[in-house]
Structure formats: structure tokens, C-alpha cells
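In what follows, a single structure is set out as C-alpha cells and then discussed.
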Amino acid sequence: TADAHKWMLGPEGVALFYSRPGAREQLQLSQYGWHMVEHAGDFERAEWRPAASARRFEPGSPNMLGIHAMEASLSLLEQVGMENIEAEVLRRSSRLVEAILAEPGLELVTPREPGRRAGIVTFRFSGRDADFHAGLYRQLMGRGVICAQRGGGIRFSPHFYTGTDVLDEALRLALELARGLP
């Protein structure tokens, strides 16, 4: 499974799910609806049997708007190319890692080794508690810096299209705001 709204640039409310055909019967159904039956749309049929296909896990009406938006997002990712996206994401996260390591008073939570890096970079201010980081998170979000409060610190997750100037400004703003917090 994979939700669409994060790294795949799709809308919320849509996800991808794959099940090996042989495993479908082993997975317990927890929702039931008209779309998941073997003969979907045959409302006169008295027998009810889950579909043999993966549609058995789709109980309600498909989110067609979300599906079309997801298709557009995946088309963009294919057009740019996954190798290019990976390289750009890693370049941006490495830039953040190096800037954090160079800044006194910051601790990198993310692994330092290049082979263990991804598009998520988490850091914290040395000697500061969760309340401090919660306050910093709220201030950053209030200033339009999209981030998350995770791992006892602040998480930035730049994608391939995030400008390096945006990353530099986000970190500069975090440092500036931190100076004003108790």
C-alpha cells in the first residue's frame, strides 16, 4: 500500500494497493459494499460473494476525481524520471544534512551516512525539550514552512521540485525563530 498524497504528489483520499492473487483469500475483509462483490452492479442478484480480483478490497464507489488526479501525478513522475527524482531528492536532503552538521547547536537525527539517507531530514536543537520543538514547529508552520514535529525535533522533507533557496530559507528561519523561544 502507498498513500498518494505524499511522495507521489497525488490527492488525499487515494492510495495504491497491491495483493498477490494467491494471498487475496487470506486477507480478512473489514468493510463491505456494493463495489467489492463479484457481480458489481447486478443489484438483483441474491447471492453475495467478494470479487476474486483485488476489487474485493474496494467496498464503495471509486474516488474517480482522486483516481484521475493520481494518474496525472504519476504521469508527471514518469515524465521527470524516477532516477532524476531520486538524485534530486538526495541532493536536497544532503544539502540540508551538511548545513545542519555545520551549525553549532543543532543535532542531526537523520542518519549521517549517505547510503542511509532518504528525502526526510530531522534535526533538533541541542539541550531543548519537546515543548521547545513543538513551539518551533507551530511558528515555522505559521510562517509557511511545511515541516513536521517528529523524533524529538523538526522534520523537513524536500521533494525534487523544492528549490534549494527554499531549503536554505527554511533552515535560516528555524534558527532565527529558535533564538526567540524560551
Side-chain angles (χ1 to χ4, degrees), residues 1-17 31 60 62-182:
T1 62
D3 58 4
H5 70 277
K6 292 190 178 183
W7 292 99
M8 289 191 284
L9 309 178
E12 288 194 30
V14 177
L16 302 175
F17 171 78
Q31 297 179 339
N63 175 356
M64 296 310 294
L65 180 60
I67 290 168
H68 286 286
M70 180 67 189
E71 193 278 328
S73 298
L74 292 176
S75 293
L76 172 66
L77 296 177
E78 286 180 340
Q79 181 181 357
V80 173
M82 295 311 296
E83 296 82 15
N84 294 329
I85 291 169
E86 177 185 20
E88 290 303 315
V89 167
L90 291 174
R91 187 169 72 81
R92 283 156 175 75
S93 64
S94 292
R95 181 184 182 107
L96 278 172
V97 165
E98 298 309 317
I100 290 163
L101 290 172
E103 191 64 45
L106 292 185
E107 296 175 14
L108 183 67
V109 177
T110 300
R112 292 176 185 227
E113 304 83 26
R116 295 197 55 216
R117 292 185 193 163
I120 296 173
V121 177
T122 304
F123 66 95
R124 62 180 161 238
F125 285 80
S126 303
R128 297 307 198 116
D129 63 10
D131 289 339
F132 170 86
H133 288 95
L136 179 57
Y137 162 75
R138 286 190 297 276
Q139 287 198 29
L140 286 167
M141 291 292 286
R143 297 276 188 97
V145 175
I146 304 301
C147 58
Q149 184 185 356
R150 299 281 193 281
I154 302 295
R155 175 195 287 177
F156 291 152
S157 302
H159 214 313
F160 74 95
Y161 56 83
T162 307
T164 54
D165 58 327
V166 172
L167 300 177
D168 295 343
E169 177 60 17
L171 189 55
R172 186 203 63 75
L173 186 57
L175 292 164
E176 177 186 310
L177 292 172
R179 285 192 286 274
L181 289 173

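All heavy atoms count here, side chains included; hydrogens, waters and symmetry mates do not. Since this is a predicted model, take the numbers as computed values, not measurements.
At a threshold of 4.5 Å between non-hydrogen side-chain atoms, the residues Pro158 and Leu96 count as touching. With a 4.5 Å cut-off on side-chain heavy atoms, Gln139 and Leu173 do not count as touching. With a 4.5 Å cut-off on side-chain heavy atoms, Leu177 and Arg143 count as touching. Using a 4.5 Å heavy-atom cutoff, the side chains of Pro62 and Ile67 are in contact. At a threshold of 4.5 Å between non-hydrogen side-chain atoms, the residues Ile120 and Thr122 count as touching. Two residues are said to be in side-chain contact when any heavy atoms from C-beta on lie closer than 4.5 Å; His5 and Val14 fail this criterion. Residues Leu175 and Leu106 meet the side-chain proximity criterion, which asks for heavy atoms closer than 4.5 Å.
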CA sep, side-chain torsions, deciding dist, call: Met70, Leu16, side-chain contact (heavy atoms from CB on, under 4.5 Å): CA-CA 10 Å; Met70 180 67 189; Leu16 302 175; 4.2 Å; yes
Derivation of the side-chain contact (heavy atoms from CB on, under 4.5 Å) call for Arg112 and Val97: CA-CA 7 Å; Arg112 292 176 185 227; Val97 165; 5.6 Å; no
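Remark: the backbone N or O of Ile154 is not paired with any side-chain donor or acceptor of His133 at under 3.5 angstrom. In this structure, the side chain of Ser93 engages the main chain of Ala118 through a donor-acceptor pair within 3.5 Å. The main-chain N or O of Leu9 is found under 3.5 Å from a side-chain atom of Ser73 such that the two form a donor-acceptor pair.
Within the structure, ring pair (Phe, Tyr, Trp, His ring centres under 6.0 Å) pairs that include any residue of residues 74-113 do not occur (at least two apart or interchain). Within the structure, the salt bridge (Lys or Arg N to Asp or Glu O under 4.0 Å) test picks out the following pairs touching residues 124-140 (sequence neighbours left out): Glu107-Arg124. Listed by first and then second residue, the side chain to side chain donor-acceptor pair (under 3.5 Å) pairs that reach into residues 173-182 are Arg172-Glu176, sequence neighbours excluded.
Not counting sequence neighbours, His68 has no partner by the ring pair (Phe, Tyr, Trp, His ring centres under 6.0 Å) test. For the ring pair (Phe, Tyr, Trp, His ring centres under 6.0 Å) test, residues two or more places apart in sequence or in another chain that qualify with Phe125 are Phe132. Residues passing the side chain to side chain contact (heavy atoms under 4.5 Å, CB included) test with Gln31 are Pro59, sequence neighbours excluded. Partners of Ser94 by side-chain hydrogen bond (donor to acceptor under 3.5 Å, both in side chains), not counting sequence neighbours, listed by chain and number: Arg117. Residues meeting the side chain to side chain contact (heavy atoms under 4.5 Å, CB included) test with Ala99, sequence neighbours left out: Leu171. Every residue was checked against the side-chain hydrogen bond (donor to acceptor under 3.5 Å, both in side chains) condition with Gln149, not counting sequence neighbours, and none meets it. For Asp168, the side chain to side chain contact (heavy atoms under 4.5 Å, CB included) partners are Arg95, not counting sequence neighbours. Thr1 pairs by the side-chain hydrogen bond (donor to acceptor under 3.5 Å, both in side chains) definition with nothing, not counting sequence neighbours.
Contact between Leu140 and Cys147 at its shortest, heavy atoms only, is CB-SG, 3.9 Å. Nearest approach of Ala170 to Val145, heavy atoms of both residues: CB-CG1, 3.9 Å.
Here CD1 of Ile85 is found 12.0 Å from CG of Leu90. Values are rounded to the nearest 0.5 Å. Interatomic distance, Glu12 CD to Lys6 NZ, rounded to the nearest 0.5 Å: 9.0 Å. Atoms CD and OG1, from Glu88 and Thr162 in turn, are 10.5 Å apart once rounded to the nearest 0.5 Å. Atom CZ in Phe156 sits 7.5 Å away from atom CD1 in Ile100 (nearest 0.5 Å). Atoms CE and CG, from Met8 and Leu74 in turn, are 6.5 Å apart once rounded to the nearest 0.5 Å. Taking CZ from Arg91 and CZ from Phe160, the interatomic distance works out to 12.5 Å, rounded to the nearest 0.5 Å.
Within 6.0 Å of CD on Glu98 lie more than 12 heavy atoms contributed by other residues, nucleotides or ligands. Residue-environment remark: CG (Leu65) stays at or below the threshold of 12 foreign heavy atoms within 6.0 Å. Within 6.0 Å of CD on Glu169 lie more than 12 heavy atoms contributed by other residues, nucleotides or ligands.
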Counting only pairs under 3.5 Å, give me each side-chain donor-acceptor contact of residues 77-84, with atom names and distances, residues two or more places apart or in other chains.
unit_1, atom_1, unit_2, atom_2, d
Asn84, ND2, Val80, O, 2.7

